[in-house]
S.K.: 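This is the structure I have questions about; it appears just below.
Read the numbers this way: they start at 1 and go in the same order the structure lists the ligands and their atoms.
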Amino acid sequence: MSANPLHPNLNAEDLALALSGHNFIDGELAPTRSGRTFAVINPATGRKIADAPFSVADDVDLAVHAAQRAQREWADTPARRRGALVIECARLLASHVEELARLVTLETGKAIRTESRPEAEGIADMLQYYGGLAPELKGETVPHRPDVLTLTVREPLGVVGAILPWNAPMYILAMKIGPSLVAGNTVVVKSAEEAPLAVLRVCQILSQVLPKGVLNVVAGYGPECGAPLVAHPGVHKVTFTGSVETGKIIYKTAADKLIPVTLELGGKSPMIVMPDADLDQAAAGAVAGMRFTRQGQSCSASSRMIVHESVHDAFVGKVKALVDAMKIGDPMDEATDIGTIISPAQYDKVCGYIEAGRSLPGTTAVECSTLPADLALGAGLFIRPVMFTGLTNDSKLAREEIFGPVVCVMKFSSYRDALAMANDTDYGLTASVWTRDLKTAMDASLRLQAGFVQVNQNLVAQPGLSYGGYKNSGLGKEASLEAMLDHFTQMKTILVNLA
Ligand code: NAI
Ligand code: MG
């Protein structure tokens with residue numbers, strides 16, 4: 001460990017141990033009141049890299065009280081000053097990119113070059129974006145009556161509870177704390193049990209800039225730590241990314257307290273490939289859209305590829321060739337494209353779907369790339385990407401979110417059928433259409449029932465663009481100005497009688 005614990009530390013194992021067993025509450029690393037811990041495992045080796053505190057309601061209570069104490073002064077800090085501090089946070093994180101990339105690789109098994117480093121760069125970008133939005137926290141004057149001056153002001157909600165998943169833990173953290181902090185709220189983060197370390201490190205780094213208590217993080221399990229955070233009377237807003245099942249539990253608790261929620265709950269996103277599409281572009285877009293470099297563990301994964309029968313075989317062949325050329329291997333190796341699945345539970349879930357797909361009559365499993373031969377990686381949770389062809393949209397594989405490198409490829413003959421198939425899902429997070437025809441592109445963009453629709457590309461969420469689902473994919477938007485104004489402030493109307 002370097003002499004100053006806040007200097008970048010490129011030895012990820014060493015850094016993991018230094019963070020071991022800690023929450024971050026009221027400006028300091030703190031152990032849990034429960035006295036219990038759980039192991040953080042490197043999914044590429046199966047080996048323990050640190051302990052995380054098994055936080056309970058007492059820890060949540062300490063963190064919420066710290067956030068409450070800090071909130072008034074933070075809200076009273078001029079908005080542009082808060083924005084400047086958040087931009088300063090972004091600058092600090094930019095000098096920790098390499099350290100954070102290695103740490104998140106160690107705990108999640110995501111490949112450093114294709115995933116972890118871009119994620120570490122992305123968090124600085126997201127905070128930089130939000131910091132610049134501070135002057136937009138404006139109200140309006142309303143032409144109500146000539147003798148009454150009527151205006152609106154935007155005020156913070158108070159303490160925000162932010163519950164994170166493990167698939168892009170730092171990026172999702174940034175999407176949640178950026179708008180919360182700039183709008184004048186303070187935050188208690190609950191990290192995911194599989195990936196608590198990089199999130200903890202980010203919060204520790206940011207404590208050099210943020211006043212104590214403004215940003216706190218507790219690690220722990222859903223029922224024992226996440227649930228008490230949502231239920232805490234001092235928490236006035238919950239923002240959550242994760243499963244539909246957990247999202248509904250959180251929504252019910254929030255309903256009892258009458259507090260607002262933002263829920264980002266995953267998807268089963270369609271990608272329609274029309275017969276006139278540029279097939280090379282579409283195949284590259286399929287690889288990007290399926291997030292194969294993240295082992296398909298993405299809410300926005302284009303996991304249902306709906307392809308015109310005339311180009312189906314050529315498209316599948318091109319995607320296979322691209323994925324075959326990707327290297328599955330040691331996540332820390334710069335040559336690796338695809339790392340590991342996050343945990344044994346997720347591995348078993350994904351393998352279960354693959355076995356179910358193999359036994360479906362009429363279905364072909366197109367397996368891609370090769371598993372690593374390196375014996376040191378023998379315990380790693382690697383899965384070969386697989387495309388299932390010959391499926392129908394009513395099969396379990398096409399209906400349920402798998403969150404692994406498993407694609408359903410389905411054929412269509414008429415555009416109308418393709419649209420119907422694309423929209424025949426409980427989810428609605430993202431969608432894309434691939435065509436050279438402007439009319440088809442625009443028609444599909446309007447008719448696809450999803451919150452984030454793209455034509456001839458499959459980008460991830462971007463700072464400045466509202467991101468959020470239709471249907472079971474969630475409630476509310478993230479990553480944009482509207483997200484901050486609509487979901488992290490409350491509006492007050494003030495009437496001044498001048499008569
Ligand atoms: P999950 O939704 O159970 O967990 C996400 C977060 O919620 C974690 O921090 C967890 O500790 C917390 N949590 C769990 N139960 C809670 C409760 N009762 N109250 C408050 N917080 C609670 O997701 P999990 O178990 O990690 O993965 C299961 C499936 O969910 C995945 O296979 C995938 O399909 C989906 N998922 C979707 C994500 C997305 O980006 N939308 C991210 C992660 C998972
Ligand atoms: Mg769960």
S.K.: Under a 4.0 Å threshold between the charged nitrogen and the carboxylate oxygen, would Lys212 count as salt-bridged to Glu28?
M.R.: no

S.K.: Can you find a side-chain donor-acceptor pair between Thr370 and Lys327 that sits under 3.5 Å?
M.R.: no

S.K.: Compare Gly247, Gly242, Gly266 and give the one whose heavy atom is closest to atom 37 (C) of ligand 1.
M.R.: Gly242

S.K.: Assess, by modelled atom type and distance only, whether the side chains of Thr241 and Lys176 contain a donor and an acceptor separated by less than 3.5 Å.
M.R.: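 There is such a pair (donor and acceptor under 3.5 Å, judged by atom type) between the side chains of Thr241 and Lys176.
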
S.K.: Just distances here: any N/O of Leu164 and N/O of ligand 1 closer than 3.5 Å?
M.R.: yes

S.K.: Identify the protein heavy atom lying closest to atom 21 (N) of ligand 1, giving its residue, its atom name and the separation to 0.1 Å.
M.R.: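 Looking at atom 21 (N) of ligand 1, the protein heavy atom closest to it is Gly226 CA, 3.6 Å.
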
S.K.: Tell me the contacting part of Glu264 for ligand 1: side chain, backbone, both, or neither, using a 4.0 Å heavy-atom threshold, strictly below.
M.R.: both

S.K.: Would you call Asp333 and Arg113 a salt bridge, using N to O less than 4.0 angstrom?
M.R.: no

S.K.: Would you say Lys349 and ligand 1 have an N/O pair spaced under 3.5 Å apart?
M.R.: yes

S.K.: Just by distance, with hydrogens left out, do Ser300 and Thr430 show a side-chain donor and acceptor under 3.5 Å apart?
M.R.: no

S.K.: State the atoms of ligand 1, each with its element, that fall below the 4.0 Å cut-off from a heavy-atom position in Asn167.
M.R.: 40 (O), 42 (C)

S.K.: Of the protein's non-hydrogen atoms, which lies at the shortest distance from atom 35 (C) of ligand 1, and what is that distance?
M.R.: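 Among all protein heavy atoms, the one nearest atom 35 (C) of ligand 1 is Glu401 OE1, 3.4 Å.
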
S.K.: For the residue pair Glu400 / Tyr353, report whether a side-chain donor-acceptor contact shorter than 3.5 Å exists.
M.R.: yes

S.K.: Please write down residue, atom name and distance for the protein heavy atom closest to atom 43 (C) of ligand 1.
M.R.: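 The protein heavy atom lying closest is Pro165 CB, 3.5 Å.
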
S.K.: Short N/O distance, under 3.5 Å, between Lys190 and ligand 1?
M.R.: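 So ligand 1 has an N or O lying under 3.5 Å from an N or O of Lys190.
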
S.K.: Taking the side chain from Lys110 and the backbone from Asn167, do they hold a donor-acceptor pair closer than 3.5 Å?
M.R.: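 Indeed, once roles are kept as given, a pair shorter than 3.5 Å links the two residues.
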
S.K.: Take every heavy atom of Ser191, measure it against each atom of ligand 1, and state whether any distance is under 4.0 Å.
M.R.: yes

S.K.: Check this for me, if you would: do Glu367 and Arg358 make a salt bridge, where the nitrogen-to-carboxylate-oxygen distance has to be below 4.0 angstrom?
M.R.: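 Judged by the 4.0 Å cut-off on N to carboxylate O distance, Glu367 and Arg358 do form a salt bridge.
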
S.K.: Looking at Ile163, which atoms of ligand 1 are within less than 4.0 Å of one of its heavy atoms?
M.R.: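 Ligand 1 atoms under the 4.0 Å threshold to Ile163: 6 (C), 7 (O), 9 (O), 12 (C), 20 (C), 21 (N).
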
S.K.: If hydrogens are left out, which of Ile249, Val230, Ile172, Thr253 has an atom nearest to atom 18 (N) of ligand 1, that is, the closest non-hydrogen atom?
M.R.: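 Nearest heavy atom to atom 18 (N) of ligand 1 lies in Ile249.
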
S.K.: Taking atom types as modelled, is there a side-chain donor on Thr114 or Asp337 under 3.5 Å from an acceptor on the other?
M.R.: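 Asp337 and Thr114 do not have a side-chain donor-acceptor pair below 3.5 Å.
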
S.K.: If you take the nearest heavy atom of each of Phe240, Trp166, Phe403, Tyr427, which one is closest to atom 7 (O) of ligand 1?
M.R.: Phe240

S.K.: Pick whichever of Ile250, Ile342, Thr246 has a heavy atom sitting closest to atom 15 (N) of ligand 1.
M.R.: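 Looking at heavy atoms only, the winner is Thr246.
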
S.K.: When only distance counts, is Gln346 in polar contact with ligand 1, meaning an N/O pair under 3.5 Å?
M.R.: yes

S.K.: Do we see a donor-acceptor contact under 3.5 Å between the side chains of Ser395 and Thr392?
M.R.: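 No, because no side-chain N or O of Ser395 sits under 3.5 Å from a partner of the opposite role on Thr392.
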
